[in-house]
Amino acid sequence: MGNPVDGEPVRVEVGLGDRAYDILIGSGLAGRAGLEIAARMPGVRAAIVTDENVAAAHLDAFSSGLASAGITSTPIILAPGERTKSFECLEEVVNGVLSARLERRDIVVALGGGVVGDLAGFASGIVRRGMRFVQVPTSLLAQVDSSVGGKTGINTAQGKNLVGLFHQPQLVLADTDVLDTLPEREFRAGYAEVAKYGLIDRPAFFEWLEANWREVFAGGPARTRAIAESCRAKAEVVARDEFETGDRALLNLGHTFGHALEAAVGYDGSRLVHGEGVAIGMALAHRFSARLNQCSPDDAARVERHLSTVGLPTRMADIPGGLPDAERLLSYIAQDKKVTRGALTFILTHGVGQSFIAKDVPASEVLSFLWENHPG
Ligand SMILES: NC(=O)c1ccc[n+]([C@@H]2O[C@H](COP(=O)([O-])OP(=O)(O)OC[C@H]3O[C@@H](n4cnc5c(N)ncnc54)[C@H](O)[C@@H]3O)[C@@H](O)[C@H]2O)c1
Ligand SMILES: O=C(O)C(=O)C[C@@H](O)[C@H](O)[C@H](O)COP(=O)(O)O
Ligand SMILES: [Zn+2]
């Protein structure tokens, strides 16, 4: 894991054969987006899907950059937050793209966090039966995770991401400068997905994060290194299991619990945002693994300690405003996309960096565990 060379973007390839694409990570990439896009897709026009917060900070500079490379664009600006991943906003994006008369070979650009990326990616996958799209992730979470790998979609009352498509982008441009305007709470939430890669199968990376997380939060080379290492980790998994028929499910560490909690609070980001749900979910997954004698309580405590040290929540009691009872939480878990013939699947662990896919986890065990950990 060397430090990135100053000035040069780090390039990570997502190796998907004739649908392979680059992730470029570094300073100044948003301003250069027009050139990077025009070099790969000459003559395209664009819809820029973004949210109000990102638009206020970055849209003018971004669309001017596209224009100076000869790319005309139409902005589609949405309300910020998880509730935007909805059928209503999907319709808004589809209408915006069609009203701009973009053609199938034109592009949808997702300029924003994971919410914008998942929604714009989904819209691009269905308009004219599949347009091309480019991810310009502006949150840490989007730069290390959601912009890579082609999972797109929206939420429903029944659960997270239950409607969507696998649809890969043509290019990912992760400009580390744009993180300067990201609120600290959102940076911290994105850090949960960074730590996730260490916990899945990169124990040395987790150890490095334990020692260097302050530098990652501060910015500079350590941050770029953490983003690049995360993208490499995700790109490797996606390249070998694009459609999650096997070990891509490991990327779901912490999500089986986390998604249930997000649904349980009605996608209210003032109470819980995705990365925080993942942090609590990862702490629970380690504690649950220890309860099932799969992992030592010391490892579970170590994970919880690091997540709390950086200021992330690790317990259901950390969510303000109360939760539905354990049976209700289990009913959200039963909607998880990893469920097979009614049997629950969890990502469990034998220790830091030793995650595994556990099929047929008895619902009764999950329910008792949820009650034990429920804030009441
Ligand atoms: N597709 C995938 O593989 C994948 C992976 C992980 C998460 N996700 C999804 O991503 C979503 C979470 O993404 P997120 O954490 O980026 O949330 P988000 O998109 O809601 O962004 C977080 C907040 O930060 C603001 N913001 C983003 N960039 C900013 C910037 N540079 N300056 C100022 N404000 C900025 C946004 O307006 C928003 O208020 C969830 O819906 C989750 O399910 C998808
Ligand atoms: O890319 C993946 O695969 C992941 O699981 C990454 C997760 O961080 C992400 O939150 C994803 O959207 C969850 O996928 P889902 O299939 O459980 O909805
Ligand atoms: Zn996630």
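Just so you know, these numbers use all the heavy atoms, side chains as well, and skip hydrogens, waters and symmetry mates. Note that ligands are numbered from 1 as they come in the structure, with each ligand's atoms numbered from 1 the same way.
Every atom of ligand 2 with a heavy atom of N252 under 4.0 Å away is listed here by number and element: 5 (O), 13 (C), 14 (O), 15 (P), 17 (O). Under a 4.0 Å criterion applied to the non-hydrogen atoms of L251, ligand 2 contributes the atoms 1 (O), 2 (C), 3 (O), 4 (C), 5 (O), 6 (C), 7 (C). For ligand 2, the atoms closer than 4.0 angstrom to any heavy atom of K234 are 1 (O), 2 (C), 6 (C). Each of the atoms 10 (O) of ligand 2 lies under 4.0 Å from some heavy atom of H274. Near K151, with a cut-off below 4.0 Å to any heavy atom, the atoms of ligand 2 are 1 (O), 2 (C), 3 (O), 4 (C), 5 (O), 14 (O), 15 (P), 16 (O). For ligand 2, the atoms closer than 4.0 angstrom to any heavy atom of E193 are 8 (O). Per-residue contacts place V54 under 4.0 angstrom from the following atoms of ligand 1 (heavy atoms of the residue considered): 26 (N), 27 (C), 28 (N), 29 (C), 35 (C). Counting the atoms of ligand 2 from 1 in the order shown, those under 4.0 Å from a heavy atom of K196 are 6 (C), 7 (C), 8 (O). Contact atoms of ligand 2 toward K337: 15 (P), 16 (O), 17 (O), 18 (O) (distance under 4.0 Å to a heavy atom of the residue). Those atoms of ligand 1 that come under 4.0 Å of a heavy atom in K85, given as number and element, are 9 (C), 40 (C), 41 (O), 42 (C), 43 (O). Atoms of ligand 1 lying under 4.0 Å from at least one heavy atom of P80, given by number and element, are 37 (O), 39 (O).
Within the 4.5 Å cutoff, no side-chain heavy atoms of S86 are placed close to those of I154.
In this structure, atom 43 (O) of ligand 1 lies nearest to the protein heavy atom K160 NZ, 2.7 Å. The shortest contact between atom 35 (C) of ligand 1 and any protein heavy atom is with L182 CD1, 3.6 Å. Scanning the protein heavy atoms around atom 4 (C) of ligand 1, the nearest turns out to be S146 CB, 3.2 Å. Here the heavy atom of the protein found nearest to atom 16 (O) of ligand 1 is S139 OG, 2.5 Å. If you check which protein heavy atom lies closest to atom 30 (C) of ligand 1, you get T181 OG1, 3.4 Å. With hydrogens left out, the protein atom closest to atom 21 (O) of ligand 1 is G113 CA, 4.1 Å, a heavy atom. Looking only at protein heavy atoms, the nearest one to atom 10 (O) of ligand 1 is G114 CA, 3.3 Å. In terms of protein heavy-atom proximity, atom 39 (O) of ligand 1 is nearest to N53 ND2, 3.1 Å.
Electrostatic pairing of R40 and D22 counts as a salt bridge here, judged by a charged N lying under 4.0 Å from a carboxylate O. Taking the charged nitrogens against the carboxylate oxygens, R287 and E304 do have a contact shorter than 4.0 Å, which makes a salt bridge. Using a 4.0 Å cut-off between a side-chain N of Lys or Arg and a carboxylate O of Asp or Glu, D118 and K151 do not qualify as a salt bridge. Taking 4.0 Å as the cut-off between side-chain N and carboxylate O, K196 and D145 count as a salt-bridged pair. One finds a salt bridge joining E236 and R202 here, because a Lys/Arg side-chain nitrogen approaches an Asp/Glu carboxylate oxygen to under 4.0 Å. Ion pair E276/R188 not flagged as a salt bridge, since none of the NZ, NE, NH1 or NH2 atoms sits closer than 4.0 Å to an Asp/Glu carboxylate oxygen. Ionic pairing of R240 and D247 is present here: one or more N-O contacts between side-chain nitrogen and carboxylate oxygen are shorter than 4.0 angstrom. For R291 and E372, the salt-bridge test passes: some basic side-chain N is under 4.0 Å from an acidic carboxylate O.
Taking distance alone, with nitrogen or oxygen atoms compared against 3.5 Å, K234 approaches ligand 1 more closely than that limit. The distance criterion of under 3.5 Å between nitrogen or oxygen atoms is met by D51 with respect to ligand 1. Ligand 1 has a nitrogen or oxygen under 3.5 angstrom from a nitrogen or oxygen of E82. In terms of polar-atom proximity, P183 is not counted as a contact of ligand 1, lacking any N or O under 3.5 Å from an N or O of the ligand. By the 3.5 Å distance cut-off applied to N or O atoms, L179 is not counted among the residues near ligand 1. Polar contact with ligand 2: absent for K160 (N/O pair, distance under 3.5 Å). Below 3.5 Å of separation, one finds an N or O of D145 facing an N or O of ligand 2. For ligand 2, the polar-atom distance check finds no N/O of D118 at less than 3.5 Å from any of the ligand's N/O atoms. Considering backbone and side-chain N/O of T152, none are found under 3.5 Å from N/O of ligand 1. For a threshold of 3.5 Å applied to N or O pairs, the pair formed by V116 and ligand 1 contains no separation below that value.
Ring-centre distance between F257 and F369: below the 6.0 Å cut-off. A centroid separation of less than 6.0 Å is found between the aromatic rings of Y191 and H306. Between Y197 and F205, the ring centre distance reaches or exceeds 6.0 Å.
Residue D145 does not count as close to the Zn ion (ligand 3), with no N, O or S atom under 2.8 Å.
Not a single donor-acceptor pair under 3.5 Å links the side chain of H286 to the backbone N or O of L284. Counting only distance, with no hydrogens or angles, the side chain of R271 and the backbone of G322 share a donor-acceptor pair below 3.5 Å.
One option in D118, V115, T138 has a heavy atom closer to atom 28 (N) of ligand 1 than any other, and that option is T138. Selection from D145, L111, L141, T50 by nearest heavy atom to atom 7 (C) of ligand 1 gives L141. Nearest-residue assignment for atom 12 (O) of ligand 2 (options L253, D336, N161, T256; heavy-atom criterion): N161. Within the set E244, R248, H255, the minimum heavy-atom distance to atom 10 (O) of ligand 2 is found for H255.
Using a non-hydrogen distance threshold of 4.0 Å, E262 does not register as a contact of ligand 1. Residue E52 places no heavy atom under 4.0 Å from ligand 1.
Vertex the Zn ion (ligand 3); arms to H274 NE2 and H255 NE2; angle rounded to 10 degrees, 100°.
Relative ring orientation between F133 and H167 is described as parallel, the plane-to-plane angle staying below 30° on a 0-90° scale split at 30° and 60°.
Stacking of R328 on the aromatic ring of Y332 is recorded, both the 6.0 Å distance cut-off and the 45° axial limit being met.
A continuous path of ILVMFWY side-chain contacts below 4.5 Å connects I227 to L182, so both sit in one hydrophobic cluster. Linking ILVMFWY side-chain heavy atoms closer than 4.5 Å, directly or via other members, places V144 and L29 in two distinct hydrophobic clusters.
D268 and S270 are linked by a side-chain donor-acceptor pair at a separation below 3.5 angstrom, with hydrogens and angles left out of the test. There is a side-chain donor-acceptor pair under 3.5 Å between D241 and T245. A donor-acceptor contact closer than 3.5 angstrom links the side chains of H58 and T181.
The atom of E193 nearest to the Zn ion (ligand 3) is OE2, with the search restricted to N, O or S atoms.
Under 4.0 Å from ligand 1, the heavy atoms of E186 that appear belong solely to its side chain. Heavy atoms of K338 found under 4.0 angstrom from ligand 2: none, in either backbone or side chain.
Within 6.0 Å of atom CD in E327, more than 12 heavy atoms from other residues, nucleotides or ligands are found, so the atom counts as buried in its surroundings.
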